[in-house]
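Proteins come first, then strands; the chains are lettered A, B, ... in the order of their sequence lines, and each starts at number 1.
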2 protein chains.
Amino acid sequence: MTRSPGENLTVATHRATLTDRYAAWREQGFDASRCPVRNVLDHLGSKWSTLLLIALAEKPMRFNALLRDVPDISKRMLTQTLRDLERDGLVARQVFPTKPPSVEYRLSATGESVLGPLTALVGWAEQHFPEIVRARLRFDTAAEGGSAPVPGETARVERPPALAPLPVRG
Amino acid sequence: MTRSPGENLTVATHRATLTDRYAAWREQGFDASRCPVRNVLDHLGSKWSTLLLIALAEKPMRFNALLRDVPDISKRMLTQTLRDLERDGLVARQVFPTKPPSVEYRLSATGESVLGPLTALVGWAEQHFPEIVRARLRFDTAAEGGSAPVPGETARVERPPALAPLPVRG
DNA sequence: CGATTAGGTCTCCATTATAGACCTACTCTC
DNA sequence: GAGAGTAGGTCTATAATGGAGACCTAATCG
């Protein structure tokens with residue numbers, strides 16, 4: 001489990017773990033209400049959730065502080081995302097009886113527990129970001145410079161064809 | 001870094017890391033094109049991406065195999081999600097010149113490298129799933145059983161008011 | 001009295017997701 | 001050689017979601 005440079009072994013382990021989990025979900029008919037990926041990760045993956053969790057990782061914050069801190073978010077989305085996070089128990093909302101009542105949001109224990117996986121993912125994203133940008137450029141220029149910019153083209157075989165021919169029929 | 005039960009120390013580390021990263025993004029004006037969270041994680045978090053990555057973690061698959069395997073996905077979304085993943089370089093698309101040309105999708109090296117963080121996140125999701133379900137129930141019943149089911153209610157202060165009074169004004 | 005702050009809600013429009021019909025090319029069956 | 005089936009999609013029409021910004025309530029400041 002120590003992050004050695006030879007990741008092949010750990011990749012195999014992850015593969016196995018995920019395959020196993022996936023099989024289990026399948027067996028349950030992929031019931032959305034029982035599949036953690038569809039149930040939990042969908043929320044986490046939404047545009048603002050991660051950003052808010054990271055913002056709140058530093059310290060508890062009030063509504064308008066978050067609004068200022070996460071520049072492009074609208075009030076509506078902030079409210080809704082915070083509600084979702086609160087509903088899932090990742091964020092706790094606390095109202096203080098000040099003259100205009102102030103509301104503070106903070107990570108719950110559960111919310112803190114997600115920081116680990118989240119850090120791993122953010123680390124991955126930062127590490128592979130240049131690579132991904134390059135891939136996008138390649139893809140986009142390939143799409144433009146392809147055989148024909150005509151949009152009505154079906155089944156174009158752009159990339160070098162084959163290695164293992166795959167059975168022609170099932 | 002060894003997953004000991006006393007996670008407080010590691011939580012502090014993650015907190016620090018994320019806070020640090022967040023500050024860096026802020027300094028760059030949160031430019032979306034430079035922020036890995038907004039740029040990369042958004043894609044990964046989309047409804048189908050994770051599921052497809054997990055499906056492909058097991059073995060390369062063809063279009064219709066994926067369509068059958070991930071039951072609720074529509075053709076259009078499968079196409080689009082695969083394109084996105086291909087564009088980001090996480091998935092490689094390979095066309096075989098069989099009689100009806102067949103297309104195989106497989107994880108690229110980059111795609112494999114995300115399995116680690118992904119496994120961590122999936123593990124977290126499965127581990128905390130019951131907890132989250134409970135939180136949701138609590139939240140939903142609290143919302144229903146609240147003072148009034150009338151939808152036109154503003155600024156309700158449902159939860160027990162205060163502890164630290166927070167400065168009344170900035 | 002009018003302006004400002006806090007913490008939202010509400011409405012409206014634009015974007016995105018989804019289902020499902022359709023298409024092309026080929027093979028197999030009869 | 002007509003019709004059905006398979007592979008890998010595209011296209012269209014509609015439903016759901018996202019986002020900008022107006023609006024609301026209560027209190028305090030000038």
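- B/Ile73 places its CD1 atom 13 Å from the P atom of D/dG9, with the value rounded to the nearest Å.
- As a whole-Å value, the separation of A/Leu67 CG from C/dG8 P is 11 Å.
- Place B/Phe63 and A/Ser46 on DNA chain D by their nearest nucleotides, and B/Phe63 ends up nearer the 5' end.
- Applying the 4.0 Å criterion to OP1 and OP2 of C/dC13, one finds that A/Arg76 has every side-chain N and O outside that range.
- For the pair A/Glu104 CD and C/dA6 P, the computed distance is 14 Å after rounding to whole Å.
- The distance from atom CG of A/Leu51 to atom P of D/dG19 is 12 Å, rounded to the nearest whole Å.
- Picking from D/dT10, C/dG7, D/dA7 the nucleotide with the shortest atom distance to the side chain of B/Arg83 gives D/dT10.
- Here the straight-line distance linking atom CG of A/Leu66 with atom CG of A/Leu82 works out to 6.0 Å at 0.5 Å rounding.
- Remark: A/Tyr105 is in phosphate contact with C/dG8, judged by side-chain N or O atoms under 4.0 Å from OP1 or OP2.
- Residue A/Lys75 places its side chain closer to C/dG7 than to any other of D/dA7, D/dG9, C/dG7.
- Note: CG (B/Asp42) to P (D/dG18) measures 11 Å, nearest angstrom.
- Rounded to a whole Å, the CE atom of A/Met77 is 19 Å from the P atom of C/dC13.
- Summarising the geometry, the separation between CG on B/Leu66 and P on D/dG9 is reported as 11 Å, rounded to the nearest angstrom.
- Defined by atom type and a distance below 3.5 Å, a donor-acceptor pair is present between the side-chain atoms of A/Ser49 and A/Ser46.
- Looking at the side chain of A/Asn64, the nearest of the listed nucleotides D/dT10, C/dA6, C/dA17 is C/dA6.
- B/Arg68 has no side-chain polar atom (N or O) that falls below the 4.0 Å cut-off from OP1 or OP2 of D/dT6.
- Between the CG atom of B/Leu82 and the P atom of D/dT10 there is a distance of 11 Å, rounded to whole Å.
- Contact annotation: A/Ser74 side-chain N/O to D/dG19 OP1/OP2 distance is not under 4.0 Å.
- Contacts of A/Ala125 classified as side chain to side chain contact (heavy atoms under 4.5 Å, CB included), with partners at least two apart in sequence or in another chain: B/Pro36, B/Val40, B/Leu41.
- Of the side-chain N and O atoms in A/Trp48, one or more sit less than 4.0 angstrom from OP1 or OP2 of D/dG19.
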Worked verdict on B/Arg15 versus A/Glu112 for salt bridge (Lys or Arg N to Asp or Glu O under 4.0 Å):
CA-CA 8 Å; B/Arg15 236 188 244 285; A/Glu112 285 180 346; 2.3 Å; yes

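- Applying the salt bridge (Lys or Arg N to Asp or Glu O under 4.0 Å) test to residues at least two apart or on different chains, the pairs with a partner in residues 114-134 of chain B are A/Arg21-B/Glu126.
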